[in-house]
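Just so we're on the same page: letters track the sequence lines, and every chain starts at 1. In what follows, every heavy atom counts, from backbone to side chain, and hydrogens, waters and symmetry copies are set aside.
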Protein chains: 2
Amino acid sequence: MSQHRHPGTPGRAGAVPALPDLPEATVARLPEYLRALHNLAETGHETVSSEGLANAAGVNSAKLRKDLSHLGSYGTRGVGYDVALLIDQIESVLGLTQCRSVALVGVGNLGHALAGYDGFASRGFRIAALFDASPSRVGEEINGLVVRHVDELPRVATEESISIGVIATPASAAQAVADQLVAVGVTSILNFAPCVLSVPEGVDVRKVDLAIELQILSFHEHRKASLTALPATGGSALTALPGGLAATDNQEAIGT
Amino acid sequence: MSQHRHPGTPGRAGAVPALPDLPEATVARLPEYLRALHNLAETGHETVSSEGLANAAGVNSAKLRKDLSHLGSYGTRGVGYDVALLIDQIESVLGLTQCRSVALVGVGNLGHALAGYDGFASRGFRIAALFDASPSRVGEEINGLVVRHVDELPRVATEESISIGVIATPASAAQAVADQLVAVGVTSILNFAPCVLSVPEGVDVRKVDLAIELQILSFHEHRKASLTALPATGGSALTALPGGLAATDNQEAIGT
DNA sequence: CGCGATTTGTGCACCCCTTCACAAGCGCCT
DNA sequence: AGGCGCTTGTGAAGGGGTGCACAAATCGCG
């Protein structure tokens, strides 16, 4: 089980520009580079060095160069990278040239916030439809969109050509919703419900679990606390950092 | 720069029980195991095999065994793992035996949802205080907590002994908030703002960026679309999966 | 009491990712 | 035109994670 057998571009299929088969770790960082590049563009920068962009994105400069090299040579030695050109390239690789439509299922506490989150629209995603199973929520209008019953998903999906489904339901409902999304042709799912989803091969699932993030932090907090078994202050951890704060710029690359 | 120089437990410091120095990848999976174990416990299971728990957590059984072996031998060969015992062990390692207090800064769209999210409390985290910089939000009551001005952070932090800070502000305010959190002794930060935070060494930052998750999905969607350059249907991606849905149980372990 | 079925714990090989270090290339200044 | 400084792109080394395959250990049953 869990055979990651990505066919591997069988050689004869040369219709698309490149499809360089990027490493997953690189793909996960490209959006961060993109955000940093947009910031730079707004600040009036025309070019940026790998060092500069790496700092803005919070990574090592060598890593950044290797990442960018995977999608071609778009830098100029001695100068750096053209910001606008690089933005176009990354957006092209990520498939952001077309605006993608998102269906959000589950308009509870979290789903409500996601529906109103403007960070999606500003990055090329359009929340095309909201769904919920609870009759008390169906009909409600959020951010200019009316919440529909989840049974309408098939009809609406064909109309809006949904490309990504977001699940923000309780865990008990998540699998059923995932099945429905898959049934209408959705092959990319972002799951906020704290549970494992079973999906057919070819469907990508990414999971975001807020409680898990806190638990990982808790572990490190726990570890740090037990390492600091020496100081005399037996009470709280308010040692108040002698040196000026914000001294370094490391980002503690844990996980991700 | 970015020298990850975790001191490495200099040998003489043997006061704490174990501190097995777990691999990061393992730490990131432990919460998932814990959730699966709680489900099993509620369903009445007393023991579980590595295969069973691995399925429930969506990972390989060999990986699970290796992960658990890092925190000691708590299984019985030929039988499996004692569910209750394993729960205790994992919670102990993750430092969840004590209830940790969380300070949430930024009660906008997302922060509002986080403040009301019951998934935190059910896993041992207590949202102890809410902060915002906007006077229009200060004083509002959410889930039984009153929103305070961010300037009160120092006083409240000492009273409540905050151990984790959550930033749900706009990106423009995030760095300043992080600095304030660090100044009052917080050494673990969960950042929802789309930006890189600079923090002193010893402070852990985990970042959750919802738009980035969508962009990663977009890449895979884009790639899948270009690989499927063959079929006659020129229109949308509604090929409707011939075989019965929910056939396999792979989870497409992309990233994380 | 011994044997077989079952399951854990782990040595090992493989692969991906990270990081260093440096050659190649580009622009600018003289 | 030539040289110099700066930056990219990349080969190679090292580390960490994953998964296989198997030995060790435990239980139950005859």
Q: Could you tell me whether the phosphate oxygens of D/dT7, OP1 or OP2, come under 4.0 Å of any side-chain nitrogen or oxygen in A/Ser49?
A: no
Q) Under 4.0 Å: is that the gap between some side-chain N or O of A/Ser73 and OP1 or OP2 of D/dG9? A) yes
Q | Sequence-distant partners of B/Ala178, side-chain contact (heavy atoms from CB on, under 4.5 Å), two or more places apart | A | B/Ile167, B/Gln175, B/Ile189, B/Leu197
Q) Looking for any heavy atom pair under 4.0 Å, which part of the strands does B/Thr26 touch: base, sugar-phosphate only, or nothing? A) nothing
Q: Please list all pairs passing the side-chain hydrogen bond (donor to acceptor under 3.5 Å, both in side chains) test where one or both residues lie in residues 209-219 of chain A, with sequence neighbours left out.
A: A/Glu213-B/Arg206, A/Ser218-B/Arg100
Q: Could you tell me the separation between the CG atom of B/Leu85 and the C1' atom of C/dT8, rounded to a whole number of Å?
A: 14 Å
Q. Within the structure, does a side-chain N or O atom of A/Arg29 lie under 4.0 Å from either OP1 or OP2 of C/dT18?
A. yes
Q) Any donor-acceptor pair under 3.5 Å joining the side chain of B/Lys66 to the base of D/dG17? A) no
Distances for protein N/O vs nucleotides 27-30 of chain C N/O pairs under 3.5 angstrom?
none

Q: Examine C/dT19: is either OP1 or OP2 under 4.0 Å from a nitrogen or oxygen in the side chain of A/Lys63? Give yes or no.
A: yes
Q: Specify the separation, in whole Å, of atom CG of B/Asn60 and atom C1' of D/dG17.
A: 12 Å
Q | Pair B/Glu221, A/Ser188: side-chain N/O donor-acceptor within cut-off below 3.5 Å | A | yes
Q: Report the residues that fulfil ring-ring contact (aromatic ring centres under 6.0 Å, His included) with A/Tyr33, sequence neighbours left out, ordered by chain and then residue number.
A: none
Q | B/Tyr74 OH to C/dG9 P, straight-line distance once rounded to whole Å | A | 11 Å
Give every donor-acceptor pair under 3.5 Å between a side-chain atom in residues 82-96 of chain B and any protein atom, sequence neighbours left out.
unit_1, atom_1, unit_2, atom_2, d
B/Asp82, OD1, B/Ala84, N, 3.1
B/Asp82, OD1, B/Leu85, N, 2.9
B/Gln89, OE1, B/Tyr74, OH, 3.1
B/Glu91, OE2, B/His38, NE2, 3.1

(Q) Checking A/Ser50 now: which residues fulfil side-chain contact (heavy atoms from CB on, under 4.5 Å) with it, not counting sequence neighbours? (A) A/Ser61, A/Leu64, A/Arg65, A/Tyr81
(Q) Check this one for me: any side-chain N or O of B/Tyr81 less than 4.0 Å away from OP1 or OP2 of C/dG9? (A) yes
Q: Quickly work out the B/Leu64 CG to D/dG17 P distance and round it to whole Å.
A: 16 Å
Q. Separation of B/Leu53 atom CG from C/dT6 atom P, in whole Å?
A. 20 Å
